[in-house]
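Worksheet for the structure shown next.
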Amino acid sequence: MCGVVGIVANSPVNLSLYDALTVLQHRGQDAAGIVTLDEGNFRQRKANGLVSDVFQQKHMMRLKGNIGIGHCRYPTAGSSSAAEAQPFYVNSPFGIALAHNGNLTNSRELKQKCDSIFRHVNTSSDSEMLLNIFAWRLQKITDCQRLPTADDIFEAVRGVNKEISGGYAVVSLIIDIGLVAFRDPFGIRPLVLGQRKDENGKDEYMVASESVALAVCGFELVRDVKPGEAIFITKDGQLYSAMCTDHAELKPCIFEYVYFARPDSVMNGVSVYAARVSMGTKLADKIKREYADLKIDVVIPIPETSCDIAVQIARILGIPYRQGFVKNRYIGRTFIMPGQKQRKKSVRNKLNPIPAEFKGKRVLLVDDSIVRGTTSGQIVDMAKEAGAEAVYFASAAPEVRYPNVYGIDMPTKKELIASDRTNEEICKLIGADALIYQDLKDLEDAVRGENPELKEFEESVFTGHYITPGVDDEYFAYLDQQRSDDAKADKAWKDSNESLEIYNI
């Protein structure tokens, strides 16, 4: 999962891009980058690290220009190489920079395609492959004899959509032309459009992964970029849009609402906060209906994503809500940690229990989801070590039984605790006295309640049904090689020995 942003304004955009990336930091903590367009040249800074670490004053002063894009990365295959920080750029044709949130499921075929059209790819990143396919399509249309028109750009995006498969939200800059943004035909990955007026009343535009990025920069949310739609904004601020696929159908990733998105964002017409409150309502109703025999003294969230859910559960059950864990906010998301040993250590560093909230009590712990079970098991242990008489565990999401292939770095199937196990077996493995999962229909209804027009979701992690072609046993075998903890540990070792500093302007 990554965060992307693009801005076309009438004044320098460097600070707005920076501010946007800081509020999208939750989407990726591995690397960050910004490219701006200034007098026909790209200005770029990207490196490993948090946004606040990557961009210092000297970098910001050099990122000149009224148009730019930004990216914060979390790697879907465990790579932390500085060479794979985004945005990427190519010089031909015209000069194009691109950043991408998501994952392409036919990246091996795309690499072969790039080789066949004599476009060299320097990294293993599918985003760089996507950039080269887009550049190649533009080159074919214009023959490098003229600058592309809006129609040319839309035709190029149509060609890209035919070549690539998976989940993707893309922002791109073309020198002397403007900004291009497009979304996959199912709208799996989020992308929103915003607008504001400058001091002279002229329009300025912004696209971003979440609406919170618009708000922090003073843009109003206009709408979501539609599935299969491309947005083109000229360097002079003229906006064009077009549908660039023959088969568009909105099926957004439901896990965005469970875990990834900020609660103050609105995506696909759905308030993330309201959806999570509704998840709490649904889960509380299930507890009342099916687990009435549990004697619960206190409801405690595992911070932070589950806090709104837990508050609603406590309210409906009429049980006290307490913050029983103190979170170290300077530890990254353990979900993203590349290796099992590092992940286990990070949980203990990240959370510390308040013994008074646990001692002698029957505690209901609430989390957004259970993936590997590593974090859940350690948190149950901490609660019991702090004196809890009994620990019940509730998940706001159903059982995660299958890997995600659309941009979420879920582990291989065999590393998922719910894969091929019953709930009783999972409960025993994490050491809980009872385990309660949200029903899938209730999760769907919790999100759909904010926007009844959402008919379907991308929910393959729960069902094993993948909505794009080519996700088969062969693909999963390839994915296992990329995503297993052993593979990530090996990759992390190689990355740690890489001394390259990329584009250190």
Side-chain angles (χ1 to χ4, degrees), residues 254 257-259 273-325 353-371 373 375-401 417-418 421-450 459 461-463:
I254 202 167
Y257 301 96
V258 173
Y259 177 77
Y273 171 78
R276 289 179 183 163
V277 170
S278 186
M279 290 175 206
T281 300
K282 301 289 186 183
L283 199 50
D285 289 343
K286 180 174 182 176
I287 293 170
K288 289 172 65 177
R289 184 175 64 249
E290 300 180 20
Y291 296 85
D293 58 320
L294 295 183
K295 306 300 181 183
I296 304 170
D297 297 317
V298 63
V299 177
I300 294 178
I302 298 169
E304 296 178 311
T305 316
S306 62
C307 291
D308 301 325
I309 299 165
V311 167
Q312 187 71 351
I313 291 174
R315 188 189 70 79
I316 292 175
L317 297 182
I319 295 170
Y321 168 89
R322 293 289 186 270
Q323 293 281 353
F325 292 100
I354 301 173
E357 297 299 343
F358 292 93
K359 190 172 183 179
K361 297 178 182 178
R362 292 160 296 189
V363 178
L364 176 65
L365 297 180
V366 180
D367 206 353
D368 50 71
S369 58
I370 304 172
V371 182
T375 300
S376 305
Q378 289 192 69
I379 289 173
V380 170
D381 288 345
M382 283 191 282
K384 291 188 174 182
E385 290 168 5
E389 180 180 318
V391 179
Y392 314 123
F393 203 101
S395 168
E399 298 91 326
V400 177
R401 299 191 183 277
I417 193 171
R421 289 191 178 98
T422 66
N423 286 10
E424 290 75 17
E425 290 171 332
I426 300 168
C427 184
K428 185 177 180 180
L429 277 173
I430 67 173
D433 296 289
L435 175 60
I436 306 157
Y437 277 106
Q438 183 90 270
D439 293 333
L440 181 56
K441 184 180 184 304
D442 285 343
L443 176 60
E444 293 171 343
D445 290 344
V447 179
R448 191 181 291 122
E450 283 289 295
E459 49 194 23
V461 296
F462 308 124
T463 66

[atom1]/[X] to [atom2]/[Y] distance, rounded to the nearest 0.5 angstrom?
| X | Y | atom1 | atom2 | result |
| --- | --- | --- | --- | --- |
| Ile436 | Asn423 | CD1 | CG | 10.5 Å |
| Ile287 | Ile316 | CD1 | CD1 | 9.5 Å |
| Glu357 | Ile300 | CD | CD1 | 6.0 Å |
| Asp308 | Asp368 | CG | CG | 11.5 Å |
| Leu364 | Tyr321 | CG | OH | 12.0 Å |

Flag, side chain of [X] to backbone of [Y], donor-acceptor distance under 3.5 Å:
| X | Y | result |
| --- | --- | --- |
| Ser369 | Ala397 | no |
| Thr422 | Glu425 | yes |
| Arg276 | Ala446 | no |
| Asp433 | Val391 | yes |
| Arg362 | Lys295 | yes |

Quick one: closest heavy-atom pair of [X] and [Y], and the distance?
| X | Y | result |
| --- | --- | --- |
| Ala388 | Val363 | CB-CG2, 4.2 Å |
| Phe462 | Pro398 | CE2-O, 3.5 Å |
| Pro301 | Phe325 | O-CD1, 3.8 Å |
| Val366 | Ser306 | O-OG, 2.9 Å |
| Ala418 | Glu399 | CB-CB, 3.9 Å |
| Ile313 | Gly280 | CG1-O, 3.4 Å |

Can Phe393 and Ile426 be said to form a side-chain contact (heavy atoms from CB on, under 4.5 Å), step by step? CA-CA 11 Å; Phe393 203 101; Ile426 300 168; over 6 Å; no
Could you go through Asp297 and Arg322, starting from their C-alpha distance and side-chain angles, then the distance that decides it, and tell me whether this counts as salt bridge (charged side-chain N to carboxylate O under 4.0 Å, His left out)? CA-CA 10 Å; Asp297 297 317; Arg322 293 289 186 270; over 6 Å; no
I want to check something: taking the side chain as every heavy atom from C-beta on, are [X] and [Y] in contact at a cut-off of under 4.5 Å?
| X | Y | result |
| --- | --- | --- |
| Glu424 | Leu435 | no |
| Met382 | Ile379 | yes |
| Pro353 | Glu385 | no |
| Leu365 | Tyr392 | no |

Just grab all the side-chain hydrogen bond (donor to acceptor under 3.5 Å, both in side chains) pairs involving residues 278-290, residues at least two apart or on different chains.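 Output for this query lists Thr281-Gln312, Lys286-Asp439.
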I'd like to know whether Tyr257 forms a side-chain contact (heavy atoms from CB on, under 4.5 Å) with Leu443, so could you lay out the CA-CA distance, the side-chain angles of the two residues, the decisive distance to 0.1 Å, and finally the verdict. CA-CA 10 Å; Tyr257 301 96; Leu443 176 60; over 6 Å; no
Partners meeting ring pair (Phe, Tyr, Trp, His ring centres under 6.0 Å) with Tyr273 (sequence neighbours left out):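 Tyr273 satisfies ring pair (Phe, Tyr, Trp, His ring centres under 6.0 Å) with no other residue.
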Take Tyr291 and Ile296, measure what side-chain contact (heavy atoms from CB on, under 4.5 Å) needs, and give me the verdict at the end. CA-CA 10 Å; Tyr291 296 85; Ile296 304 170; over 6 Å; no
Between Asp442 and Met279, is a side-chain contact (heavy atoms from CB on, under 4.5 Å) present by the stated rule, with each step listed? CA-CA 7 Å; Asp442 285 343; Met279 290 175 206; over 6 Å; no
